[in-house]
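The basis for the numbers below is simple: all heavy atoms, side chains too, and nothing from hydrogens, waters or symmetry mates. First listed ligand is number 1; within each ligand, the first listed atom is number 1.
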Amino acid sequence: MTTRKIVFSGIQPTGDFHIGNYIGAVKRWVAEQDLYDNIFCIVDLHAITLYQDPNVLRGKIRQAAAVLLACGIDPQKSLLFVQSHVPAHAELAWILNCVTPIGWLERMTQYKDKSAKLESVSTGLLDYPVLMAADILLYQADCVPVGEDQKQHIELTRDVAQRFNTLYGETFVLPEGTIPKVGARIMGFDDPTVKMSKSIASDQKHHAVGLLDSPDQVWAVLKRATTDSGKEIVFSNEPGKAGVNNLLTVYQVLTGQTQTEIEKHFQGKLYGQLKREVADVIIETLKPIQERYNALMQDPNALDGILQRAAEQAATRAAPTLRKAKLNVGFVV
Ligand code: AMP
Ligand code: TRP
């Protein structure tokens with residue numbers, strides 16, 4: 001019997017999930033559900049590393065669960081749970097804190113970017129990658145499917161695991177980050193020089209398409225998408241073509257067509273046509289997701305039940321690794 005690889009990934013219940021989250025992460029989680037032993041986590045402990053309004057956060061956690069289920073995460077095939085429901089994450093994070101040099105955390109680019117914008121930086125924000133390492137290592141995950149922005153955090157996870165294993169004996173599997181070949185970094189529609197992000201999307205109306213946006217909202221964003229002063233509709237890494245390239249990338253991932261097919265399809269067409277067609281494939285992708293989302297939100301008790309059951313299973317799965325880590329550092333367990 002071959003055992004299936006363990007996949008772990010997480011998503012923060014902050015802001016609204018956008019098409020970049022879907023393309024870089026969630027779409028793959030769903031597509032590969034049958035291949036692996038899957039564990040997906042709504043990381044609320046990570047969310048509060050930046051202040052969140054408590055009532056908004058509570059709503060966003062349920063919304064995140066419903067959106068992920070609506071995207072096709074199947075509770076029969078995958079564990080989908082909320083991080084704070086499983087105390088082992090915070091417990092292991094503490095133990096890992098004690099083997100992680102501060103310098104490793106201060107070097108993280110995401111920390112540098114986020115902290116540069118703040119007057120007061122929480123310890124949690126600096127410690128964020130250690131908690132992420134705990135998430136992954138608790139389940140002895142082999143693969144971590146994420147977008148490009150998380151690559152450095154996965155490398156840190158491996159370093160922390162390796163250091164722990166060296167100091168205290170073999171305890172953790174070293175995970176691999178799996179970054180998609182296409183769509184690992186969807187850029188803002190308003191500004192294709194910056195990564196599409198939930199925080200920018202909450203301030204800039206035309207930055208992103210949210211997974212719950214109506215067809216009119218999708219078109220309002222796409223209509224204004226930044227392109228360039230040329231007219232060639234081709235895939236290109238040239239900075240000047242970043243807007244067109246981003247639109248084509250979204251189209252490629254959502255239609256599953258090859259780059260050659262797509263370039264042929266758009267040959268001789270105008271940017272306006274490209275924007276309309278990209279909007280249409282997004283609208284088509286979102287329609288069934290939104291229908292399922294609306295149905296799931298009708299019954300919050302059922303949703304909470306799914307999360308509760310999954311948390312119990314996750315806790316059971318996390319327990320042996322946490323115990324081993326405690327034993328190996330010398331605790332009386
Ligand atoms: P976050 O929004 O930071 O919770 O990210 C959730 C998942 O979506 C992670 O795997 C990210 O790497 C991925 N992701 C976030 N933004 C993008 C983007 N603009 N393009 C591709 N993947 C993304
Ligand atoms: N830091 C990730 C993000 O913002 C979310 C996350 C938390 C995560 N724990 C994880 C992703 C573990 C993969 C594995 O996207």
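The protein non-hydrogen atom at the shortest distance from atom 9 (C) of ligand 1 is Gly147 N, 4.1 Å. Looking from atom 12 (O) of ligand 1 to the surrounding protein, the closest heavy atom is Asp149 OD1, 2.4 Å. Here the protein heavy atom with the shortest distance to atom 7 (C) of ligand 1 is Ala25 CB, 3.7 Å. Among all protein heavy atoms, the one lying closest to atom 3 (O) of ligand 1 is Gln12 NE2, 4.0 Å. Asn21 ND2, 3.7 Å is the protein heavy atom nearest to atom 14 (N) of ligand 1. Protein heavy atom at the shortest distance from atom 1 (P) of ligand 1 is Lys198 NZ, 3.5 Å. Protein heavy atom in closest approach to atom 23 (C) of ligand 1: Gly20 O, 3.5 Å.
For Tyr22, there are no ring pair (Phe, Tyr, Trp, His ring centres under 6.0 Å) partners two or more places apart in sequence or in a different chain.
Heavy-atom neighbours of Lys114 NZ from other residues, nucleotides or ligands within 6.0 Å: above the threshold of 12. Heavy-atom neighbours of Glu232 CD from other residues, nucleotides or ligands within 6.0 Å: at or below the threshold of 12. Other residues, nucleotides and ligands contribute at most 12 non-hydrogen atoms within 6.0 Å of the NZ atom of Lys264. Dense packing is recorded around CG of Asp203, with more than 12 heavy atoms of other residues, nucleotides or ligands lying under 6.0 Å away. Within 6.0 Å of atom NZ in Lys269, more than 12 heavy atoms from other residues, nucleotides or ligands are found, so the atom counts as buried in its surroundings.
Within the 4.0 Å heavy-atom shell around ligand 1 one finds His18.
Centroid-to-centroid, the aromatic rings of Phe189 and His206 stay 6.0 Å apart or farther. Checked against a 6.0 Å centroid threshold, the rings of His89 and Tyr139 count as neighbours.
Checking only distances, Met196 does come within under 3.5 Å of ligand 1, N or O to N or O.
Around ligand 2 you find Phe8, Ser9, Gly10, Gln12, Val43, His46, Tyr128, Met132, Asp135, Ile136, Val144, Val146, Gln150, each with a heavy-atom distance below 4.0 Å.
Atom CG of residue Asp135 and atom CZ of residue Phe8 lie 4.5 Å apart, to the nearest 0.5 angstrom.
For ligand 1 and Gln150, the ligand atoms under 4.0 Å from any heavy atom of the residue are 12 (O).
Nearest to atom 19 (N) of ligand 1 by heavy-atom distance, out of Ile186, Ile19, Ile154, is Ile186. For atom 21 (C) of ligand 1, the nearest non-hydrogen atom from the set Ala184, Pro180, Gly15 belongs to Ala184.
Side chains of Tyr251 and His265 form a contact here, defined as non-hydrogen atoms less than 4.5 Å apart.
Between Ala279 and Trp219, the shortest heavy-atom contact is CB-CE3, 3.6 Å.
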